[in-house]
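Any value given below was found using the heavy atoms of this structure, including those in side chains, with hydrogens, waters and symmetry copies removed. Counting starts at 1 for both ligands and their atoms, following the listed order. None of these values were measured; they are calculated from a predicted model.
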Amino acid sequence: MQTVGKMMKVFVTRRIPPEGMQILSSAGVCEMCVWDSDEPVPRTELLKGVQGAAGILCLLSDKIDAEVLNAAGPNLKVISTLSVGFDHLALDEVKKRGIRVGYTPDVLTDATAELTVALLLATARRLPEGVEEVKNGGWSTWKPLWLCGYGLSGSTVGIIGLGRIGMAIAQRLMPFGVKRLLYTGRTAKPHAAEVNGEFVPMDTLLSESDFVVLSCSLTPETQGLCNKAFFSKMKNTAVFVNTSRGAVVNQEDLYEALKNGQIAAAGLDVTTPEPLPTIIHS
Ligand SMILES: O=C(O)[C@H](O)CO
């Protein structure tokens, strides 16, 4: 662990870009303790590192719960997380202690939207399977219906969570000739008009969409939202894409839905755990 400077202790849970460290050090009031590694800080080191800290700068891989807050003690005034999501922070515990929270909304809006489009197209057009077939010699000749997949043109796309990222996804998908853009969430969004978005109940979105894109936050309400009942309402030809959080999906139910042909395909940027265990071929 590296310690730089003096005064208020700030525990930084990972090696972060030097520009960030520079901001902290130029404030001239921080004694920085850094877990100077690209790998996540082990829990025991996190509990040790936060002791007496006035600030914690963490990442989404660090679970900041009552145990960590207690280990930090009463000096802790602020937690800043280098992430868009903050579901790894026990917000009720944080609030109880009057600790302020900072996070980094919007920095990944474009990146996540681009990745979602990439994942949707790759999944719908079966690119990973195609690449695999080229590599293993399975591509014998051109066959009209082989690995055709599904097209976006004329389709209905349903976005669950039309926030900043959901909107950025919609804006990128519409030029592909999407016919209807459905969305659902807590409330209708005035900005949905920019993409001709139709606010619909969840069940309508699931039964009418050719592509279901998950772009909501992980909260107690959305945890496990995509379960057996959810997938059973989707079309058999529908493609499911998740770039929100793995825990919004019940993976056993997703696996069953894919295995039983309840849905056509899934493109996943996020899983529980991350990464998923690899298959060992014997
Ligand atoms: O919350 C975030 O910042 C993103 O999910 C990181 O990938």
Test log, rule side chain to side chain donor-acceptor pair (under 3.5 Å), inputs Ser61 and His88
CA-CA 7 Å; Ser61 43; His88 53 301; over 6 Å; no
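Using a 4.5 Å heavy-atom cutoff, the side chains of Phe211 and Leu120 are in contact.
Residue contacts with ligand 1, taken as heavy atom pairs separated by less than 4.0 Å, involve Leu60 solely via side-chain atoms from C-beta onward. Of the heavy atoms in Leu108, only side-chain atoms (C-beta onward) come closer than 4.0 Å to ligand 1.
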Side-chain donor-acceptor pairs of residues 152-173 under 3.5 Å, sequence neighbours excluded:
unit_1: Ser155; atom_1: OG; unit_2: Leu152; atom_2: O; d: 2.6
unit_1: Arg172; atom_1: NH1; unit_2: Ala168; atom_2: O; d: 2.9
unit_1: Arg172; atom_1: NH2; unit_2: Asp110; atom_2: OD1; d: 3.1

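When only modelled atom types and interatomic distance are considered, Thr243 and Thr116 share a side-chain donor-acceptor pair under 3.5 Å.
Annotation for ligand 1: atoms under 4.0 Å from non-hydrogen atoms of Gly85 are 1 (O), 2 (C).
The protein heavy atom nearest to atom 5 (O) of ligand 1 is Arg245 NH1, 2.8 Å. For atom 2 (C) of ligand 1, the closest heavy atom belonging to the protein is Val84 N, 3.2 Å.
Look at Lys228 and Glu256 and you find no salt bridge, because none of the NZ, NE, NH1 or NH2 atoms lies under 4.0 Å from a carboxylate O.
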